[in-house]
Colleague: 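This structure is in structure tokens; I'll ask about it shortly.
A, B, ... follow the sequence lines: proteins, then strands. Residue 1 opens every chain.
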Amino acid sequence: MDLSRLAELTPHSWKSGRSILYGSSSLIEAMDEKVLEQISNVSRLPGLVGAAMTMPDAHWGYGFPIGGVAAFDAEQGGIVSAGGVGFDISCGIRCLRTSLKKEDLEKGKARIAEVLFRKIPAGVGEGGRIRVSSEELETIMISGAKWAVDSGYGNAADLEYVEERGRVCGANPAFVSDLAKKRQFGEMGTLGSGNHYLEIQVVDRISDPAAAKAFGIEKDGILVSIHCGSRGFGHQIGTDYLVLLARAAKRLGLSLPDRELACAPIRSPEGEQYLGAMNCAINVALANRQILSHLAKECLDAVFPGILVETLFDVSHNTCKLEKHVHEGREKMLHVHRKGATRAFGPNHPDLPQRYRECGQPVIIGGSMGTGSWILAGNEDNPAFCSASHGAGRAMSRSRALRQYEGRKIVEDLAQRGILIRTRSMRGAAEEAPDAYKDVELVAEDTERANLARRVAHLSPSVCIKG
DNA sequence: ATGTAC
């Protein structure tokens, strides 16, 4: 991206019209011009409050850039957009802390890789062993991770450390198509494909000891991170509502800068229907990660008997949420779209569990396959409607990565470095090559320098089950 | 992201 088109606000934020791009000049320069074009389009949608923003890990997406944040006010004709949430609704990361230490893991590393690979359903169309009835699915849509806990997957203590305590309000199954429901019956408790993974990680650097203590992590400790979403269910809702919202925009005469930005006023039948369906998908994703956490725990217990596994936190990064924010000195209820962006509540936020009230919400930046990840903590004066980066962010398209890399070689190279990848798709491994992503170190550093969140601990991968 | 593509 050509920096001369942007006004430098700070060394880590750049402005163009009503858009703000967060990140240092090197990350912004490396971004596709499309990111600026897309976020500028978003900034012209009705009812936007403040600026449309991109996080340091942003890249080109469908309509909205991935790494995009935009808040809309229903009282000012604000809109909701399916492209502003993404197809994988409520995709996110569940992070588990364990009582295991680095040296204990080494002894059982190959074994846990095999057990996880056998037990965690992963890959395109890979169904799980769990079958739910249509009545159960209705309950899942309303109760999210709470349904999973009530059904024996995990325990109530987990829910305390899941965004919205495992269940969002406003879910309305009546607005979900039969096709979306049908696609989910066999997919509860499955990882999916693409950038999804289940990874065992070693805490190898602590940069904020106080927050690390609150998060219950220490150097050489072992964490498990599960990155996945709402599978075919959310995808189908996204597909269904792109059509419906485009029709609504046309009917209401909204002029859209890009047809991929199909949207409708929050206060319109279609807007309300989308939000009702999207909230069902959030709950499905939260239930999915709860089940997967339980399965992972069973695997860990089989290989490391007596291991303690607790939920550190569960963050979604593809959502639209109604939240209270202070803008220009006034309190407002806003619909905040975060597409490939993590919510990052700061210290003293009333929605945080007591344990994290003082240090702020755990913010997870999931790295690419074989590279590191970061855990950060939310700041009280976050400038982006309490949002932060969600991952390394792609630097290269999937098709280009596929041309450039060979999956098997990527997996072998990582094995040489002691990182065990288990996948059913070598094509996926090529698409997910570490170098097809931005440098997660730069993303985490810029996230901190832009005041979006502050770094707490660096994690390095040890075992990774890829979708 | 996706029972991977109108």
Colleague: What integer distance in Å separates A:Arg427:CZ from B:dT4:C1'?
Modeller: 7 Å
Colleague: Rounding to a whole Å, what distance do you find between A:Arg231:CZ and B:dT4:P?
Modeller: 11 Å
Colleague: Please report, rounded to the nearest Å, how far the C1' atom of B:dT2 is from the CG atom of A:Asn318.
Modeller: 13 Å
Colleague: Please work out if A:Gly86 contacts a base, only the sugar-phosphate, or nothing of the nucleic acid, heavy-atom cut-off 4.0 Å.
Modeller: nothing
Colleague: Using 4.0 Å as the upper bound for N to carboxylate O, is an ion pair formed by A:Arg343 and A:Glu164?
Modeller: yes
Colleague: Looking across every strand, which nucleic acid part, if any, lies under 4.0 Å from A:Leu179 by heavy atom: base, sugar-phosphate, or nothing?
Modeller: base
Colleague: Round to the nearest Å and state the distance from A:Tyr62 atom OH to B:dT2 atom P.
Modeller: 17 Å
Colleague: Tell me what A:Arg398 touches on the nucleic acid: a base, only sugar-phosphate, or nothing, going by heavy atoms under 4.0 Å.
Modeller: sugar-phosphate
Colleague: Between A:Asp413 and A:Arg417, is the closest basic N to carboxylate O distance under 4.0 Å?
Modeller: no
Colleague: Partners of A:Phe64 by ring-ring contact (aromatic ring centres under 6.0 Å, His included), sequence neighbours excluded?
Modeller: A:His337
Colleague: Ignoring backbone atoms, test whether A:Ser193 places a side-chain nitrogen or oxygen under 4.0 Å from the OP1 or OP2 oxygen of B:dT4.
Modeller: no
Colleague: Find the distance A:Asp240:CG to B:dT2:P and express it as a whole number of Å.
Modeller: 16 Å
Colleague: Measure from CG on A:Leu191 to P on B:dT4 and round the result to the nearest Å.
Modeller: 18 Å
Colleague: Which pairs count as salt bridge (Lys or Arg N to Asp or Glu O under 4.0 Å) when at least one residue sits in residues 44-63 of chain A, sequence neighbours excluded?
Modeller: none
Colleague: Take A:Ser425 and A:Glu432, find for each the nucleotide of DNA chain B with the closest heavy atom, and name the residue whose nucleotide sits nearer the 5' end.
Modeller: A:Glu432
Colleague: Just how far, in rounded Å, is C1' of B:dT2 from OH of A:Tyr241?
Modeller: 19 Å
Colleague: Round to a whole Å and report the spacing from CZ of A:Arg259 to P of B:dC6.
Modeller: 13 Å
